[in-house]
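Please read the structure below before turning to the comments.
Since this is a predicted model, take the numbers as computed values, not measurements. Quick note: numbers below take in every heavy atom, side chains included, and nothing from hydrogens, waters or symmetry partners.
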Amino acid sequence: MGTGHSENFLASDAMALASVTDQIVYLEEGDLVDMQLGKYWVFDRHHKAVQREVKTVHAHSGAAELGPYRHYMQKEIFEQPRAIADTLEGVEGIVPELFGDQAYRVFKDIDSVLILACGTSYYSGCAAKYWLESIAGIPTQVEVASEYRYRSSVPNPKTLIVTITQSGETADTLAALRHAQSLGMTQTLTICNVATSAMVRECKLAYITRAGVEIGVASTKAFTTQLAGLFLLTLALAHSKGNLSEEEEAGHLKAMRHLPAALQAVLALEPQVISWAEDFARMENALFLGRGLHYPIALEGALKLKEISYIHAEAYPAGELKHGPLALVTSAMPVVTVAPNDALLEKLKSNMQEVRARGGVLYVLADADSHIDSSEGVHVIRMPEHYGALSPLLHVVPLQLLAYHTACARGTDVDKPRNLAKSVTVE
């Protein structure tokens, strides 16, 4: 609820009230409000009159300035180096206390992780699963929040429940968290962009990303800052379990501190992405491929394209091509391939040859040293450098730009795509 002079407001997210008031009352679950122009009353779930604190929220000041950008989404894509730097500010070493005062005890007590999220946040959780199992050595499950809450599952009290949400108000994710708690899983942590949100209030531990206000409905900087927070969580859990040496910790921290500069170099690829977008704007379907850690990035790239350009896009693990999707491949089905120079590169090249043999046209995001060259039917954009475990944060940026410029070429409403909302506060 927002309060003003002879006026009061109700909204599902404080950001919606940024233009009219900075005086915000965060209501508790079950609260009932009786509101008039000049006054209001709040009653709790037991119908007793209560006082809720009025907080001054300055988080939105200046966020509405577009500057030199055409859309908020473009602005937010280019804000990612700063957003990552802000999210990592103050991280001098890997300690559990980055996630809260109780984190050391909680991390020592858990033996598995369950990630609950929706949409883009779900894909960041899918990427984190690879990190948590390969670096921290902790069994990890990732569930779509709206599915988890409606199915019978086997609870484990020693599981760390991790929720991921940009707004902290996502109804399905909040309900999934409460469902997990009702099953006796009380060790909870959230990766969230809004410190005052319901999710942060309801979780025992939290890491607040500092992406700043994200106005474009299609999430960009919120996604990459979530990945940064989840990588820190991976390192903190690895540290707690004795699976992280001092040398490894120093190497990971050095790589994280270099992320803003590395992202800036990737953003310089925008002109090449625009030439791809001119091709995609004429299409009605697209296929995205990735392997391992980069399969979730292919999923996120497909989601971005469908959200704002309205082109039907699907993502698959590249190894699944022969199990069905290859039937769709024609010259009218562009195939975007995320091709970092990792252990799966040679297998990925084999998958790419399968696409070319069926007349498919490839658009490849390749690392500089991956020896994939442009040729007829193969369009290659070279990434500035290979970035190891943190590579997903770099490879997703050209996919964001591809979706953005394709949508611009098709003339859609980039910041407010049809039928979608920024904060999904209903089922």
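- Exactly one of V364, V336, L321 qualifies for a side-chain contact (heavy atoms from CB on, under 4.5 Å) with L289. That residue is L321.
- Only one option out of T87, L232, V91 pairs with M256 in a side-chain contact (heavy atoms from CB on, under 4.5 Å); it is L232.
- Across every non-hydrogen atom of Y295 and Y316, the tightest pair is CE1-C, 3.4 Å.
- Other residues, nucleotides and ligands contribute at most 12 non-hydrogen atoms within 6.0 Å of the NZ atom of K48.
- Of all non-hydrogen atoms in F107 and P96, the two that sit nearest each other are CD1-CB, 3.7 Å.
- Distance check: C118 SG to E147 CD gives 10.0 Å after rounding to the nearest 0.5 Å.
- At a threshold of 4.5 Å between non-hydrogen side-chain atoms, the residues T412 and P417 do not count as touching.
- Remark: the T165 side chain and the S121 side chain contain no N/O donor-acceptor pair separated by less than 3.5 Å.
- Within the model, atoms CD1 of I77 and CG of L399 stand 10.5 Å from one another, a figure rounded to the nearest 0.5 Å.
- Partner of T163 under the side-chain contact (heavy atoms from CB on, under 4.5 Å) criterion, out of T170, T173, V200: T173 alone.
- A heavy-atom distance below 4.5 Å is found between the side chains of L114 and E143.
- One finds a salt bridge joining E284 and R410 here, because a Lys/Arg side-chain nitrogen approaches an Asp/Glu carboxylate oxygen to under 4.0 Å.
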Walk me through whether T3 and V54 qualify under side-chain contact (heavy atoms from CB on, under 4.5 Å). CA-CA 8 Å; T3 68; V54 181; 4.1 Å; yes
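- Salt bridge D109/R105: absent, no basic N to carboxylate O contact under 4.0 Å.
- Here the straight-line distance linking atom OG1 of T337 with atom NE2 of H294 works out to 13.0 Å at 0.5 Å rounding.
- In this structure, L189 CG and I161 CD1 are separated by 10.5 Å, a value rounded to the nearest 0.5 Å.
- Residues S112 and N156 are in side-chain contact: their nearest non-hydrogen atoms beyond the backbone lie under 4.5 Å apart.
- Rounded to the nearest 0.5 Å, atoms CG (L174) and CZ (R149) are 10.0 Å apart.
- Here the closest non-hydrogen pair linking E169 and A198 is OE2-N, 3.2 Å.
- In terms of modelled atom types and a separation under 3.5 Å, the side chain of E320 and the main chain of P317 share no donor-acceptor contact.
- When all heavy atoms of S134 and Y130 are compared, the closest pair comes out as OG-O, 2.7 Å.
- For the pair N193 (side chain) and S167 (backbone), a donor-acceptor distance under 3.5 Å is absent.
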Full working for side-chain contact (heavy atoms from CB on, under 4.5 Å) between L27 and V25: CA-CA 6 Å; L27 300 168; V25 177; 4.2 Å; yes
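- Proximity of the aromatic rings of F231 and H252 is defined here by a centroid distance below 6.0 angstrom, and this criterion is met.
- Side-chain contact, E214 with S219: a donor N or O sits under 3.5 Å from an acceptor N or O.
- Side-chain atoms of D31 and D44, non-hydrogen and from C-beta on, do get closer than 4.5 Å to each other.
- A side-chain donor-acceptor contact under 3.5 Å links T196 and Y26.
- With rounding to the nearest 0.5 angstrom, the CG atom of L205 is 10.0 Å from the CD1 atom of I191.
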Assess the residue pair L393 and Y387 against the criterion (side-chain contact (heavy atoms from CB on, under 4.5 Å)); give the C-alpha distance rounded to whole Å, side-chain angles, the decisive distance to 0.1 Å, and a yes or no. CA-CA 9 Å; L393 280 87; Y387 222 66; over 6 Å; no
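- Residues W131 and P392 come closest through the heavy atom pair CZ2-CG, 4.4 Å.
- Remark: of the listed residues Q166, K304, E307, K304 is the sole one forming a side chain to side chain donor-acceptor pair (under 3.5 Å) with T120.
- Between the side chain of N243 and the main chain of A136, a donor-acceptor pair closer than 3.5 Å is present.
- Ring planes of Y363 and H379: parallel class, angle under 30° (limits at 30 and 60°).
- More than 12 non-hydrogen atoms from other residues, nucleotides or ligands lie less than 6.0 angstrom from CZ of R201.
- Using a 4.0 Å cut-off between a side-chain N of Lys or Arg and a carboxylate O of Asp or Glu, K129 and E133 qualify as a salt bridge.
- Residue Y104 qualifies as open at atom OH: its count of foreign heavy atoms under 6.0 Å is 12 or below.
- Looking only at side-chain heavy atoms (C-beta outward), F99 and V106 stay at 4.5 Å or farther from each other.
- For the pair T21 (side chain) and Q23 (backbone), a donor-acceptor distance under 3.5 Å is present.
- Environment of CG in D34: crowded, with over 12 heavy atoms of neighbouring residues, nucleotides or ligands closer than 6.0 Å.
- Looking only at distances, a side-chain donor or acceptor of K221 sits under 3.5 Å from a matching main-chain atom of V213.
- Judged by distance alone, with hydrogens and angles left aside, the side-chain atoms of D367 form a donor-acceptor pair with the main-chain N or O of N341 at under 3.5 Å.
- Looking at Q272 and R382, their side chains never come closer than 4.5 Å, going by heavy atoms from C-beta outward.
- The neighbour count for K306 NZ, taken as heavy atoms of other residues, nucleotides or ligands under 6.0 Å away, is above 12.
- Nearest heavy-atom pair across E76 and I215 is OE2-N, 2.7 Å.
- Listed for the Q187 side chain is no donor-acceptor partner under 3.5 Å among the backbone atoms of K158.
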Candidate pair T220 and Q400, rule side-chain hydrogen bond (donor to acceptor under 3.5 Å, both in side chains), full reasoning: CA-CA 7 Å; T220 52; Q400 295 169 345; 5.1 Å; no
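- Distance alone, capped at 3.5 Å, is enough to place a donor-acceptor pair between the D415 side chain and the M73 backbone.
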Test side-chain contact (heavy atoms from CB on, under 4.5 Å) applied to S153 and L183, step by step: CA-CA 9 Å; S153 57; L183 296 176; 3.9 Å; yes
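- Contact check for P398 versus I381: no side-chain heavy atoms found under the 4.5 Å cut-off.
- You'll find the side chain of F280 stays beyond 4.5 Å of the side chain of V273, heavy atoms only.
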